[in-house]
Structures are given as C-alpha cells and as structure tokens.
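Structure first, commentary second.
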2 protein chains.
Amino acid sequence: MSPYDPSAFPPFAVTVDLVVLTVRRHALCALAVRRGESPFQGRWALPGGFVRPDEDLSSAAARELIEETGLCAHDPDSPVQANGAHLEQLATYGDPKRDPRMRVVSVAHLALAPDLPAPRAGGDANSARWAPVDALLAQGGYGREGEQATPLAFDHAQILSDGVERARSKIEYSSLATAFCPPEFTVGELRRVYEAVWGVALDPRNFHRKVTGTPGFLVPTGGTTTRQGGRPAQLFRAGGATLLNPPMLRPDV
Amino acid sequence: MSPYDPSAFPPFAVTVDLVVLTVRRHALCALAVRRGESPFQGRWALPGGFVRPDEDLSSAAARELIEETGLCAHDPDSPVQANGAHLEQLATYGDPKRDPRMRVVSVAHLALAPDLPAPRAGGDANSARWAPVDALLAQGGYGREGEQATPLAFDHAQILSDGVERARSKIEYSSLATAFCPPEFTVGELRRVYEAVWGVALDPRNFHRKVTGTPGFLVPTGGTTTRQGGRPAQLFRAGGATLLNPPMLRPDV
DNA sequence: ATCATAGTCGTCTGCTTGACGATAAACACC
DNA sequence: GGTGTTTATCGTCAAGCAGACGACTATGAT
C-alpha cells in the first residue's frame, strides 16, 4: 500500500458472503445467520464479513467459513479433501443500492460441505442454522414452527439462488458431489446427494453403473457398511478425477 | 449513501477489467491496450477502469466496452443480439499485492464479439489492438514485428487465461459461439469459430449434422452466400436456445 | 420363516457420435 | 467449354452410452 492520492478513486467497502450448502435429511440446505444489527435486523442472511486490508479474497472467505462452521476449506488444487469443504468463488454483487448504508461490493463464495452436527456462530447457537434452500428462497420467506416468515436480507436471495444453480450444474460435469459426502461413502449416499441437489429421483441401477464405471471418480476402500439398512454397501473414497467425461445427465432440464 | 462511519471498514478501489475476445483470421484474439502510465508503463494490459460511485458493475463493464470498442453489450436476458457483444461477469481478483499502488479489487468481465474492423482507444489508434491470445499468454510475452516482448501488466495474464478457458468451455454447452459471428452466418463460419477457440479441426459433415439438428440453435434466414468460396452456403441466425442439450463435444480433453 | 429394504449385476433398445463415402454448386484456370 | 479446386450438404455404418427394467443378494425387522 504505497502512498497514493486517495481522492483519485471512489472508495468501496468489500465483503465476502458465503453460500454454504450441505445435504441434510434428503434436502439441500444452506447456512443462514440471523442479523443482530440494522439494517435487516433480525432477518436471516448469508454469513459474511469485511475483507481485511491485507487479506486475499479467498483467504477472507476461508476465514469466514471457519468462523461460522469450523470447516477448513481445502485447497481446490489439491486432491486432499480431509474434513474440509470445497470452496470456490461464485460471483460478485455490486449494485449501488444493495446496502443502504454505503457502497458495498460483495464477492460471494460457494462452499459445499458434508452434513455437519450443528452450526456454530460465535457461541450463539440460536443465530445460525441450516435451512432448506427451498424454504429460504420461497417468496413468502422462511418460517419454522410458527416463526415469522421473512425474505433474506440484502440481495442474499439472489446470491443463494445463483449458488444453488452453480452447485446443480457443477455436479453434472465434475466430481464435486463427493464434497457433500463424508470421507467414506456408499454409492447410495452419493446418489441421494444428487437426488437432493437436483430434486429428482434417479434409478439406483443406472446410477451405480455410471459412477462405478467412470474412471477416477470413485475408489473402493474395501470396507462395507450397513448404516442405511438393507444389504451392506461398498465404501468408496473420492478418486482423483475432478472432471467427469462424459458427464452425469440430469433428467429433463 | 447514508452517513456512516468510514473508519469502520477498510477502503478499496474497485475496477472492472475486460477480456474481449474475437476470432480473426482463424485465431482467437483478445483486445489489449498499451498502458500510458506507471506502473507497467508501455506494457500491454486488458482494458478496464474504475467503477464509478453510482454505477453497477455490469454497467461499468458495458461502459468500458463501448469506450474501447464501440460495441454495445446486449442484455444477456434478451435474445436480441443486434450488433452487440455478449458480456458476462468472469471473476474477481483481489490479491492485496496485485496493484503496487493500492488495494484494488478488479471485477473481470468476459465479452465475446464478432470480428470488428479495428479497435478504437480514445482516438489513439496505436494504443489498442487485437492480439492472438496464444501470443499474449506466451511466457516470453508478446512481440510483433520486432516489438519488445513483454508479459501483460498486473495479473492480466491470469485473467485472460481464465477468460479464454471460460469461453472454451462455455461454447460446449451453450450457443455462445454465435456471439463470435455476425448476425447472419453460415455453418462453416460457425465451425471455424469452434476450431479457432478450441484449436482443433472438426469434421465439417458431423458438425453440420450436429448444429442443424439441435433445436433452437440455428434458424435459417433463407438466404445463401458464397463469401467463403465453393458451393453457396445457407445463412442462419442464432436461434432462441441458449443451452445446448446435448452439448457440443470437444475432441480429446 | 417371511417380509421389507437396499445394493449389485445383466439385458435390451434407442439415440448420439465419430469415421468417412458420395454428391452438389460455386469459382479459377486453361 | 472442360477440368480441377473448394466448400457445402446428405447418407451410411459401427461403436458407445443412457434409460427402462428384470433378477438376484444380503442384511434387519416382525
């Protein structure tokens, strides 16, 4: 930051907002936090915050992700997944009126995480929760057990919608659906991820043939599990392949 | 812009940078401008500039596009193409050290344009030109007729590379390749677009079958042309379809 | 023992693709 | 006018993949 005439450019605030998606109970869910301050006080919003002066955008997103969920973002260039989530830049939102206080440009990021025990929000358990994206995006807003239905704050409904659309299309041609799964998972669990994200039913037999027949998508661990009931299923880990060729085909569209 | 404590957030400069692509003489080319100021004075860079205080990001990108090329960006939600270019947000680059002067966050946009007579750069004809992306991205830099070879300024090589990759993958599953063509074009011209962007040779017969068989991709205008030599070819306009299903398949990959 | 549940292996049919032969309609040149 | 060149367009054939669906397997529940 060398000295430079600050009047030569208009100052902006830059934030990162996070669309954190997971699959819970057969539904695609997003992390939402309740705003404690004005504007939109008491409304649900996406987690996010200001980018610090010497911080990269992706670092800021990873920091927010840890603060909100405890998840470590794994480097997208490394095949390691560990207990971390997938994190990528989504898009940037900079409408001059998107924040009534000042000019804010928000660089939204998309995170995909396996099902987690519970969100944490700086200790305040009631101010962060997983909510089905359908409910968050429903025009009436979001209500649970009689709670007041309110739309998301700012332009966060648009951001969430864009993030969901990105996730829906990206699991078609990449192995990203495995980011929704624990380190070891069965073909059925992976299929339920696709079904939840796309909102469709898939044929278990054709799905099994497809994913086990795509080289590099899944590697068997040798173990089996019966946690879903029924016949024990083979356990797999995500393989090295990131791009699926040919892609998974989404019905209809 | 209500009054608000300006010390509550760190100020950033926000710019838009443009990756403007076109196909000239069987090669994918990008618009490059020569920097007149420090830093990177005299080096080639992507066109761009500061976002104005009350301007949307996409408006800023469209304004820069007009200033640099005279092209009107057409609304991506409207099927009209007219004489305009396709314009979409690409990604945002915010490394704290990407500009040595100050903290700059740049929202890069991708524009796809038909072959144009010549770029204009505020009247200075020598400070803007179309250059093959291969040359701009070559590690040695860009040299033409003995001109000094220099890499692009800032992180613009990365931005250009990301833009080219986006274009390459997006013409697979969308009708965006038509954005590189004039309003009326032949199947052969469209095929040469694919060949230039992907850098491969495609079978004219299979390509013809594919694009004419995809509903909504092309609509015949009734006219024919012989501007490429050989047998006269039917003229087409871009159809309403934006997503190709099934997609065009890129050889190898 | 029987049923319900979930996983896994096959089969068949239709569609799409890639390779490539054949024909058509213009121009260039002799 | 004939001949070759160029580009466009139509057809054919085999291989591969996807969707529909039958059959069998291995567990737990009743």
Side-chain angles (χ1 to χ4, degrees), chain A residues 25-26 171-173 181 184-196 198 200-237 241 243-253, chain B residues 25-26 171-173 181 184-196 198 200-237 241 243-253:
Chain A
R25 279 172 281 126
H26 287 213
I171 64 173
E172 284 190 70
Y173 57 89
C181 295
E184 296 202 347
F185 52 90
T186 69
V187 173
E189 288 164 348
L190 184 63
R191 176 170 47 83
R192 279 181 279 277
V193 164
Y194 276 91
E195 291 178 332
W198 284 346
V200 298
L202 300 175
D203 185 292
R205 298 157 291 190
N206 291 336
F207 184 86
H208 188 277
R209 176 182 61 188
K210 174 69 178 174
V211 296
T212 57
T214 300
F217 193 6
L218 301 181
V219 293
T221 67
T224 61
T225 184
T226 176
R227 60 179 166 234
Q228 298 290 339
R231 170 176 164 179
Q234 284 186 70
L235 284 170
F236 294 87
R237 271 197 309 273
L243 256 49
L244 305 184
N245 196 314
M248 293 288 305
L249 292 186
R250 177 158 37 158
D252 312 330
V253 178
Chain B
R25 279 173 282 125
H26 285 215
I171 64 173
E172 284 189 69
Y173 57 89
C181 294
E184 296 202 347
F185 53 89
T186 69
V187 173
E189 288 165 348
L190 184 63
R191 175 169 50 83
R192 281 181 277 278
V193 164
Y194 275 91
E195 291 178 331
W198 284 345
V200 298
L202 299 175
D203 185 290
R205 299 158 289 190
N206 292 336
F207 184 86
H208 188 278
R209 176 183 59 189
K210 173 69 179 173
V211 296
T212 56
T214 299
F217 192 7
L218 302 181
V219 293
T221 67
T224 60
T225 184
T226 178
R227 59 179 165 234
Q228 298 291 338
R231 169 175 165 180
Q234 284 185 70
L235 284 170
F236 294 87
R237 270 197 309 272
L243 256 48
L244 305 184
N245 197 319
M248 294 287 305
L249 292 185
R250 176 157 39 156
D252 311 329
V253 181

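Any value given below was found using the heavy atoms of this structure, including those in side chains, with hydrogens, waters and symmetry copies removed. Computed from a predicted model, the values in this text were never measured in an experiment. The chains referred to below are lettered A, B, ... by the order of the sequence lines, with proteins before strands, and numbering in each begins at 1.
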Listed once per pair and sorted, the ring pair (Phe, Tyr, Trp, His ring centres under 6.0 Å) pairs that draw on residues 207-235 of chain B, sequence neighbours left out: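 Sorted result for residues 207-235 of chain B: B:Tyr194-B:Phe207.
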Side-chain touch [X]/[Y], heavy atoms, less than 4.5 angstrom:
{"X": "A:Thr212", "Y": "A:Pro220", "answer": "no"}
{"X": "A:Thr186", "Y": "A:Leu235", "answer": "yes"}
{"X": "A:Val187", "Y": "A:Pro204", "answer": "no"}

With a 4.0 Å cut-off (strictly under) to non-hydrogen atoms of chain A, the first and last hit nts on DNA chain D, 5' to 3', are D:dA18 to D:dT27
Contact list (N/O, under 3.5 angstrom) for nucleotides 4-8 of chain C vs protein:
unit_1	atom_1	unit_2	atom_2	d
C:dG7	OP2	A:Arg191	NH2	3.2
C:dG7	N2	A:Arg231	NH1	2.7
C:dG7	N3	A:Arg231	NH1	3.2
C:dT8	OP1	A:Gln234	N	3.0
C:dT8	OP2	A:His208	NE2	3.2
C:dT8	O5'	A:His208	NE2	3.4

Qualifying residues under salt bridge (Lys or Arg N to Asp or Glu O under 4.0 Å), relative to A:Arg205, sequence neighbours excluded: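 Residues passing salt bridge (Lys or Arg N to Asp or Glu O under 4.0 Å) with A:Arg205: A:Asp203.
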For A:Arg25, what residues pass the salt bridge (Lys or Arg N to Asp or Glu O under 4.0 Å) criterion, not counting sequence neighbours? none
Check the pair A:His26, A:Glu195 against side chain to side chain contact (heavy atoms under 4.5 Å, CB included), reporting the backbone distance first and the verdict last. CA-CA 8 Å; A:His26 287 213; A:Glu195 291 178 332; 5.7 Å; no
Please evaluate residues B:Ile171 and B:Arg250 with respect to the criterion side chain to side chain contact (heavy atoms under 4.5 Å, CB included), reporting the C-alpha separation (whole Å), side-chain torsions for both, the decisive distance (0.1 Å), and the verdict. CA-CA 10 Å; B:Ile171 64 173; B:Arg250 176 157 39 156; over 6 Å; no
When every non-hydrogen atom of A:Phe185 is compared with those of A:Arg227, the smallest separation belongs to CA-NH2, 3.8 Å
Close N/O contacts between protein and nucleotides 11-16 of chain C (under 3.5 Å):
unit_1	atom_1	unit_2	atom_2	d
C:dT11	O4	A:Arg209	NH1	3.3

Mark yes when over 12 heavy atoms from residues, nucleotides or ligands other than A:Arg192 sit less than 6.0 Å from its CZ; otherwise mark no.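 Above 12, so yes.
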How close or far is atom P of C:dT17 from atom CG of A:Asn245, stated in whole angstroms? 13 Å
